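Let me begin by presenting the structure, written as structure tokens, before commenting on it.
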Amino acid sequence: MGNGTTPYDFLRGLPKAELHVHIEGTLEPELMFEIAERNELAIPHRNVAELRAAYEFANLQEFLDIYYEGAAVLQTERDFYDMTLDYLQRAAGDGVRRAEMFFDPQTHTERDIPFAVFMEGMHAATITGAREFGISSGLILCFLRHLPPESAMATFEASLPYRDMIIGVGLDSSEVGFPPTLFTDVYARAASEGLHRVAHAGEEGPPQYVWGALDALGAERIDHGVRSLEDPSLVARLAEEQVPLTVCPFSNVRLGGVARLEDHVLPRMLDAALNVSINSDDPAYFGGYVGDNYIDTQKALSLSDEAMVTIARNSIEATFLDKADKQVLLAELDDYIAAG
Ligand code: ADE
Ligand code: ZN
């Protein structure tokens, strides 16, 4: 094991990218209470311990109900800045060299928080994060799929003054009943603005939604995609095109997709030569950040160090960095392994 350290340190220090993290899902209960207090808002829980105890979810919807409630404390530029910077600091401590973070504008605009507030707050944190922690980051604007496609289009148009602060668009929230094909027009519009495209698919929804994300939306990465394994022809396509799948092991367990980490399909995905990375999704709600996801997943599934290095390499290759910046991070990864 590397660098004269414990195996766990090896995984934490491994240079990696995080490609599937919802910034609102990084809001730790401590910061949520602090922000609620300074904004003079009530949280329907008495303290941090009581709030954490409420984080038991039978499925995606049960989680989303609590997650949107938590995000409602965010009101000022400073709130968004603090939340984003906290995440970047933790991620940098887990070896993350590049983070491509989701945010949900409709969760905020529906509460009359203007784009200027959350965009400026998050963007300022990305600059501080690069300066203070050496972590590169970008923002991906996600459409809430439980809201109408017209709302997604209006949201996209409202984002255009902040076009330069965004690297791409994504699709999240309640999956089943809201197929990707509903959002074809807004994805075409985003593509015409030169934005990257990703989409959640195959988390709770069927393989058909993964096909839809690829073919109707032009998604360059699939977020989750674990249910793809149910469709052999889809697996063949994903392997052939090496479509990156941003897998979130803790999330899949906490939202009931798999009973235990030991039952996760990640080894089957690796065996099928799929391009998988490991990510945290909503770490403040699911019991750990990306480093913990690497560590516990390796242990639960008896994955080799080589497999973990492949996963880290996949994560860097699947970023939306340009070729030269990717090469820098890949060289860092090679150096880290050579020094091990
Ligand atoms: N929003 C935040 N986390 C999500 C997830 N795991 N799936 C869909 N939407 C989300
Ligand atoms: Zn997600």
Side-chain angles (χ1 to χ4, degrees), residues 17-28 32 55-72 74 83-84 87 91 99-110 118 122 138-147 151-152 155 168-180 182-183 196-206 209-210 212-213 217 219-228 244-258 264-266 276-290 293 315 318:
E18 178 148 57
L19 306 175
H20 187 155
V21 59
H22 301 261
I23 201 63
E24 296 90 348
T26 70
L27 181 58
E28 289 288 340
M32 195 188 293
Y55 291 175
E56 292 285 339
F57 317 110
N59 53 42
L60 176 59
Q61 193 58 53
E62 280 193 20
F63 158 68
L64 290 170
D65 292 343
I66 288 196
Y67 160 84
Y68 295 130
E69 192 178 282
L74 299 163
M83 172 178 67
T84 307
Y87 162 69
E100 299 186 349
M101 308 172 287
F102 300 136
F103 69 103
D104 290 337
Q106 288 151 298
T107 300
H108 312 304
T109 53
E110 289 218 320
F118 51 84
M122 294 186 298
L139 292 164
I140 297 177
L141 181 161
C142 282
F143 304 113
L144 297 181
R145 67 204 304 163
H146 70 273
L147 297 178
S151 171
T155 299
V169 296
L171 187 64
D172 64 3
S173 192
S174 324
E175 185 181 7
V176 175
F178 303 99
L182 291 170
F183 297 91
H196 288 290
R197 287 154 290 160
V198 301
H200 282 55
E203 180 184 17
E204 285 189 344
Y209 286 19
V210 179
L217 306 185
E220 298 159 72
R221 299 194 300 242
I222 297 295
D223 297 312
H224 293 295
V226 286
R227 286 196 58 193
S228 303
L245 305 174
T246 62
V247 175
C248 306
F250 282 15
S251 169
N252 297 144
V253 174
R254 294 296 288 266
L255 300 186
V258 284
H264 200 281
V265 293
L266 190 75
V276 293
S277 58
I278 288 181
N279 306 271
S280 68
D281 207 3
D282 299 285
Y285 292 88
F286 298 153
Y289 286 74
V290 69
N293 271 270
S315 73

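Only a predicted model underlies this, so the values are computations on that prediction, with no experimental measurement involved. When a ligand or atom number is given, it counts from 1 through the structure's own listing order.
- Between the side chains of Tyr68 and Ser173, a donor-acceptor pair is found at a separation under 3.5 Å.
- A donor-acceptor pair is defined here as one N or O able to donate and one able to accept, closer than 3.5 Å; such a pair exists between the side chain of Arg145 and the backbone of Phe178.
- Aromatic pair Phe63/Tyr285: centroids less than 6.0 angstrom apart.
- Remark: of the listed residues Arg221, His196, His20, Arg221 is the sole one forming a side chain to side chain donor-acceptor pair (under 3.5 Å) with Glu100.
- Put simply, part of Leu64 is less than 4.0 Å from ligand 1, judged by heavy atoms.
- Residue-level proximity to ligand 1 for Leu60 is carried by the side chain, the only part with a heavy atom below 4.0 angstrom.
- Protein heavy atom closest to atom 6 (N) of ligand 1, with residue, atom name and distance, is Asp281 OD2, 2.7 Å.
- Under 4.0 angstrom from ligand 1, there are no non-hydrogen atoms of Phe102.
- Here the closest non-hydrogen pair linking Leu147 and Phe183 is O-CZ, 3.8 Å.
- In terms of protein heavy atoms, atom 3 (N) of ligand 1 is closest to Asp282 OD2, 2.7 Å.
- Residues Leu144 and Asp104 form a side-chain contact, since some pair of their non-hydrogen atoms from C-beta on lies under 4.5 Å apart.
- Between the side chain of His22 and the backbone N or O of Glu24 there is no donor-acceptor pair closer than 3.5 Å.
- Between the side chain of Glu175 and the backbone N or O of Glu203, at least one donor-acceptor pair lies under 3.5 Å.
- For Glu175, the heavy-atom gap to ligand 1 stays at 4.0 angstrom or more.
- By the criterion of a separation under 2.8 Å, the protein N/O/S atoms near the Zn ion (ligand 2) amount to His20 NE2, His22 NE2, His200 NE2, Asp281 OD1.
- Close approach to Phe63 involves these atoms of ligand 1, each under 4.0 Å from a residue heavy atom: 2 (C), 3 (N).
- At a heavy-atom cutoff of 4.0 Å, ligand 1 is contacted by the side chain of Glu203 but not by its backbone.
- Proximity of Glu24 to ligand 1, defined as any heavy-atom pair under 4.0 Å, is not found for any part of the residue.
- A salt bridge between Arg254 and Glu62 is absent, with no side-chain N of the basic residue lying under 4.0 Å from a carboxylate O of the acidic one.
- A donor-acceptor pair under 3.5 Å is formed between the side chain of Asn279 and the backbone N or O of Leu19.
- For His200 and Tyr209, the distance between ring centers is not under 6.0 angstrom.
- At the top of the distance list for atom 1 (N) of ligand 1, counting protein heavy atoms only, stands His22 CE1, 3.4 Å.
- For ligand 1, the atoms lying closer than 4.0 Å to a non-hydrogen atom of His224 are 6 (N).
- Between the side chains of Glu18 and Ser315, no donor N or O sits under 3.5 Å from an acceptor N or O.
- For atom 9 (N) of ligand 1, the nearest non-hydrogen atom of the protein is Ser173 N, 2.8 Å.
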